[in-house]
*Asks:* 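Sharing a structure below in structure tokens format, with a few things to ask.
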Amino acid sequence: DKMPKLGCVPDVFSYSIYMDGLCKKGEIEKAIDFLHFMISKGCEPNVVTYNTLIDGLCKKGQIDKAVSYVDEMISKQHQPNVITYSSLINGLCKKGETEKAVGFLDDMVSKGHQPNVVTYNTLIAGLCGKGEFERAMSILDEMLSKGHQPDVVTYSTLIDGLWKNGEIEKAMNHLNDMISRGHKPNAVTYTILINGLCKKAEIEKALYFLDGMISKGHQPDVVTYSVIINGLCKKGEFNKAKNFLDKMIYNGCQPNVVTYTTIINGMCKKGEIEKAM
RNA sequence: GAGCACAUAGAGA
């Protein structure tokens with residue numbers, strides 16, 4: 001609102017950034033109104049503007065509406081790109097509609113759009129989340145055969161999915177595979193492994209991996225700490241859990257609502273209501 | 001010469 005008074009007018013970047021803000025807040029109705037608003041101000045939305053809105057709709061599960069905006073952008077001569085398709089595929093995956101998501105991938109290929117590593121990762125994550133590992137692996141094969149190198153996200157996704165499905169051997173095979181291919185685990189990869197070990201109550205090993213990640217220069221974040229605190233609480237080791245809470249704060253990592261809920265719940269489940277208070 | 005404008009993996013209940 002103030003921009004014109006300051007002698008400049010918002011351009012498509014400004015509008016798209018604001019649009020993204022509305023979408024990230026989940027205010028999708030406002031985002032749709034905003035699309036019309038910017039047009040009324042004489043600013044034509046571009047591919048990024050549409051992608052932003054389409055992703056917002058997809059994240060709300062409104063795939064059909066998202067597709068209608070794909071049609072609209074096409075009618076305005078804005079061709080959907082790999083990000084548009086990735087958003088749609090992600091939306092379908094998050095709804096568990098992996099069948100359709102695979103269909104969209106085939107669709108985009110047949111229309112001459114090349115999926116990239118994010119598109120593939122999105123689909124692999126969706127398939128892993130549904131326990132459809134066979135299909136996830138066939139997508140992995142497809143990306144390899146097309147010359148797309150899996151990245152740390154691809155591998156982390158597979159490791160997490162397989163481990164949570166009890167296929168720890170296979171998960172570790174992928175870990176070794178990624179390392180031998182020259183991809184280093186990052187903080188998320190380490191956290192996935194630490195979580196897997198904590199869930200098996202193997203805290204010692206988990207802490208060994210924690211040391212490993214720190215020595216490789218990856219700082220544990222609020223998720224890493226929360227995972228460990230959860231593992232300790234589930235074993236009733238509240239003093240150690242409290243030590244980690246202190247340690248994370250000391251290390252400049254702010255506990256969040258999940259961290260505290262983890263501790264409070266852990267204590268309450270073990271009848272330690274006083275401590276929780 | 002200025003804008004990290006949009007998509008993917010990890011925690012509790």
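Since we're looking at a predicted model, the values are computed, not measured. Sequence lines set the chain letters: A, B, ... in the order given, protein chains first and strands last, and positions in each chain run from 1.
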*Asks:* Base, sugar-phosphate, or nothing for A:V227, non-hydrogen atoms under 4.0 angstrom?
*Replies:*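 Here A:V227 touches the backbone only, sparing every base.
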
*Asks:* What nucleotide among B:A11, B:C6, B:A13 has an atom nearest to a side-chain atom of A:K269?
*Replies:*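 Ranking B:A11, B:C6, B:A13 by closest atom to the A:K269 side chain puts B:A13 first.
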
*Asks:* Quick one: which of B:A11, B:A9, B:A7 gets closest to the side chain of A:K94?
*Replies:*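 Nearest listed nucleotide: B:A9.
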
*Asks:* Indicate, with yes or no, if the rings of A:F104 and A:Y85 have centres closer together than 6.0 Å.
*Replies:*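 Ring centres of A:Y85 and A:F104 not closer than 6.0 Å.
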
*Asks:* Between B:G12 and A:T262, counting only base atoms on the nucleotide and side-chain atoms on the residue, is there a donor-acceptor pair under 3.5 Å?
*Replies:*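 In this structure, the two groups form no donor-acceptor pair.
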
*Asks:* Picking from B:A7, B:G12, B:G10, which would you name as closest to the side chain of A:D55?
*Replies:*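 It is B:A7.
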
*Asks:* A:N230 side chain: which of B:A13, B:G12, B:A9 is closest?
*Replies:*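 Among B:A13, B:G12, B:A9, the one nearest the side chain of A:N230 is B:G12.
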
*Asks:* Choose from B:C6, B:G3, B:G10 the nucleotide whose nearest atom is closest to any side-chain atom of A:D160.
*Replies:*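 Ranking B:C6, B:G3, B:G10 by closest atom to the A:D160 side chain puts B:G10 first.
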
*Asks:* Would you say the base of B:A7 and the side-chain of A:S87 have a donor-acceptor pair closer than 3.5 Å?
*Replies:*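 No pair found.
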
*Asks:* Consider only side-chain N and O atoms of A:S87 and A:N90, and report whether a donor and an acceptor are under 3.5 Å apart.
*Replies:*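 No - no donor-acceptor pair under 3.5 Å links their side chains.
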
*Asks:* With a non-hydrogen cut-off below 4.0 angstrom, is A:T157 in contact with a base, only sugar-phosphate, or nothing?
*Replies:*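 Sugar-phosphate contact only.
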
*Asks:* Got a donor-acceptor pair under 3.5 Å from the side chain of A:N256 to the base of B:G12?
*Replies:*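 When only heavy-atom distances are counted, A:N256 does not reach the base of B:G12 through any donor-acceptor pair under 3.5 Å.
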
*Asks:* Counting any heavy atom closer than 4.0 Å, what does A:T224 reach on the DNA or RNA strands: base, sugar-phosphate only, or nothing?
*Replies:*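 Base contact - A:T224 has a heavy atom under 4.0 Å of at least one base atom.
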
*Asks:* In this structure, are over 12 heavy atoms from other groups packed under 6.0 Å from A:K130 atom NZ?
*Replies:*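 Above 12, so yes.
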
*Asks:* Applying a 4.0 Å non-hydrogen cut-off, can you work out what A:D151 is touching in the nucleic acid: base, sugar-phosphate, or nothing?
*Replies:*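 No contact.
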
*Asks:* Answer with base, sugar-phosphate or nothing: what part of the nucleic acid does A:I83 contact at a heavy-atom distance below 4.0 Å?
*Replies:*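 It contacts base atoms.
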
*Asks:* Between A:Y155 and A:H174, how do the two ring planes meet: parallel, tilted or perpendicular, split at 30° and 60°?
*Replies:*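 Rings of A:Y155 and A:H174: tilted, 30 to 60°.
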
*Asks:* Side chain of A:V118 only, please: which of B:A7, B:G10, B:A11 is the nearest?
*Replies:*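 Closest nucleotide to the A:V118 side chain: B:A7.
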
*Asks:* Look at the side-chain N and O atoms of A:K59 and state whether any lies under 4.0 Å from the OP1 or OP2 oxygen of B:U8.
*Replies:*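 A:K59 to B:U8 OP1/OP2: side-chain N or O found under 4.0 Å.
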
*Asks:* When only distance counts, do a donor and an acceptor, one from the side chain of A:N51 and one from the base of B:A5, lie under 3.5 Å apart?
*Replies:*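 It does not, because no donor-acceptor pair links the side chain of A:N51 to the base of B:A5 below 3.5 Å.
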
*Asks:* Of the nucleotides B:A5, B:U8, B:G10, which one has an atom closest to the side chain of A:S16?
*Replies:*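 The nucleotide sitting nearest to the side chain is B:A5.
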
*Asks:* Select one nucleotide: of B:G10, B:A9, B:U8, the one nearest the side-chain heavy atoms of A:T189.
*Replies:*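 Closest nucleotide to the A:T189 side chain: B:A9.
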
*Asks:* Within the 4.0 Å heavy-atom criterion, would you say A:S226 contacts the bases, only the backbone, or no part of the nucleic acid?
*Replies:*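 Base contact.
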
*Asks:* Counting side-chain heavy atoms from C-beta on, which of B:A9, B:A13, B:A5 comes nearest to A:N265?
*Replies:*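 Output: B:A13.
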
*Asks:* Just call it for A:N81: base, sugar-phosphate, or nothing, with non-hydrogen atoms closer than 4.0 Å on any strand.
*Replies:*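 If one applies the 4.0 Å heavy-atom cut-off, A:N81 turns out to touch nothing in the nucleic acid.
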
*Asks:* Report yes or no: is the ring centroid of A:Y85 under 5.5 Å from the six-membered base ring centroid of B:A7, with the two planes under 30 degrees?
*Replies:*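 A stacking contact does not exist, since A:Y85 is not both close and nearly parallel to the base ring of B:A7.
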
*Asks:* Using the side-chain heavy atoms of A:N116, tell me which of these nucleotides is nearest: B:A7, B:A9, B:A11.
*Replies:*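 Out of B:A7, B:A9, B:A11, the nucleotide with an atom closest to A:N116's side chain is B:A7.
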
